[in-house]
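Bear in mind the structure is a predicted one, so any value in this text is a computation, not a measurement.
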There are 2 protein chains.
Amino acid sequence: MHTQVIDTLKKNQLSITDSRKTILQLFMESDGALAHMDIENNTGEEFDRVTIYRTLQTFVDKGIIHTIPSADNAIRYALCKDACSEGHHHDNHIHFMCDHCSTTYCLDHVEVPALQLPGGFMASRTDMVVSGCCNRCSK
Amino acid sequence: MHTQVIDTLKKNQLSITDSRKTILQLFMESDGALAHMDIENNTGEEFDRVTIYRTLQTFVDKGIIHTIPSADNAIRYALCKDACSEGHHHDNHIHFMCDHCSTTYCLDHVEVPALQLPGGFMASRTDMVVSGCCNRCSK
DNA sequence: TACCACATTGCAACATAGTTGCAAAAAATA
DNA sequence: TATTTTTTGCAACTATGTTGCAATGTGGTA
């Protein structure tokens, strides 16, 4: 199972370090999105705050993870699926944030509908942030 | 022209203070969204940072403005149109953030398309954040 | 207009989030 | 293993946002 982590790092020409392995593993095990805080809580004192920030930034630059816009001023990150690779991104994402458990899901299989924008506006990227009640909480 | 500002404040049962008048006026004159920083820059030393934060929070509570989710960790605010009032919000917003000039528009007249969510997910609110090139920058 | 009750402001202090420079340590390469 | 390059940890700093409390301003009433 570590294989996939190391493969991903190699595929992106990143050197294999403890922090990168551990943080990427966290993303792969999680079905939701993670904020910086979640990672800090999960890894304890193992890594410096700055290292976590820099690792996340590196992953974003490489297209391994992407940021999720939110109104609560905490940047969340989620794994990009295979369709996303460096330089060539799958630029439309739908995210679902549960009002009850606060889990954030990246709904890759839901298609982003086309929009009719006013004249002169050209979209390069569309993020949808849907909030409500997730499948686990609605049971 | 001040009339509209004062009317809005009265309609929401807010006392008329300098900070509220000035900040609401700013929103009415601006066609884009404003972040806390924009307001601080526009008003200079006139008001304390804390007052601006509290005024924005008050306006959000009353449904006069709404927050716009973003991935850059800066909360932006935009005026709610008449359809939004306290308690009864117009909960689907489309926002456009220009990659060039960073102006954020609230596109009230564009309809949010319906989404087919996976089973068990129930949406209560949908925000779309579209980025690209705005009508002024694309000329 | 003057007074009073209440809401709002400004200040200080604190809390959280994120960035930068640099020396030490760890990977990659030879 | 030696050398080069990348990454990490530390310290210090900036930005963003919150809370308690005393002072001031607002709205209603006499």
**Prompt:** Which one, dA17(C), dT9(C), dT8(C), comes nearest to the side chain of S19(B)?
**Reply:**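 Nucleotide nearest to S19(B)'s side chain: dT9(C).
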
Could you state the [atom1]-[atom2] distance from [X] to [N], rounded to the nearest angstrom?
X: Q57(A); N: dT7(D); atom1: CD; atom2: C1'; result: 15 Å
X: I52(B); N: dT19(D); atom1: CD1; atom2: C1'; result: 18 Å
X: Y53(A); N: dA12(D); atom1: OH; atom2: C1'; result: 15 Å
X: R76(A); N: dA17(C); atom1: CZ; atom2: C1'; result: 13 Å
X: D61(A); N: dT7(D); atom1: CG; atom2: C1'; result: 15 Å
X: I75(B); N: dG17(D); atom1: CD1; atom2: C1'; result: 8 Å
X: K62(B); N: dT8(C); atom1: NZ; atom2: P; result: 9 Å
X: M37(A); N: dG18(C); atom1: CE; atom2: C1'; result: 12 Å

**Asked** Is a side-chain donor or acceptor of S138(A) paired with a backbone partner of G120(B) at a separation under 3.5 angstrom?
**Response**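 Yes; judged by distance alone, with no hydrogens or angles, the pair exists.
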
**Asked** Are the side chain of D38(A) and the backbone N or O of A35(A) linked by a donor-acceptor pair below 3.5 Å?
**Response**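 Checked: pair present.
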
**Prompt:** Knowing that exactly one of T104(B), I68(B), V60(B) qualifies, which makes a side-chain contact (heavy atoms from CB on, under 4.5 Å) with Y77(B)?
**Reply:**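 Exactly one option meets the side-chain contact (heavy atoms from CB on, under 4.5 Å) with Y77(B), and it is V60(B).
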
**Request:** Spell out yes or no: do the side chain of R54(B) and the base of dG17(D) have one donor N/O and one acceptor N/O closer than 3.5 Å?
**Result:**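 Donor-acceptor pair under 3.5 Å: no.
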
**Item:** Residue-level proximity of residues 39-50 of chain B to DNA chain D when a heavy atom falls under 4.0 Å
**Value:**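 The stretch gives R49(B), V50(B) as the residues lying under 4.0 Å from the strand, ordered by number.
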
**Message:** Within the 4.5 Å heavy-atom criterion, are S70(B) and H95(B) side-chain neighbours or not?
**Reply:**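 Not in contact.
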
**Request:** Would you check if K21(B) and L9(B) make a side-chain contact, meaning some heavy-atom pair closer than 4.5 Å?
**Result:**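 They are in contact (side-chain heavy atoms under 4.5 Å apart), so the answer is yes.
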
**Prompt:** Same hydrophobic cluster for Y105(B) and V129(B), using side-chain heavy-atom links shorter than 4.5 Å among ILVMFWY?
**Reply:**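 Per the 4.5 Å side-chain linkage, Y105(B) and V129(B) are not co-clustered.
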
**Request:** Specify whether F96(A) and F121(B) have parallel, tilted or perpendicular ring planes, treating 30° as the upper limit for parallel and 60° as the lower limit for perpendicular.
**Result:**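 Perpendicular, since the angle between the ring planes exceeds 60°.
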
**B/S/- contact track for nucleotides 22-30 of chain D, protein heavy atom under 4.0 Å** = ----SS---

**Request:** Test H36(B) against Y53(B) for ring pair (Phe, Tyr, Trp, His ring centres under 6.0 Å), laying out the working first.
**Result:** CA-CA 7 Å; H36(B) 175 270; Y53(B) 279 115; 3.9 Å; yes

**Request:** For the pair R20(B) and D18(B), find out whether any cationic side-chain nitrogen is under 4.0 Å from an anionic carboxylate oxygen.
**Result:**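 Here R20(B) does not pair with D18(B) in a salt bridge, since their nearest N and O are not under 4.0 Å apart.
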
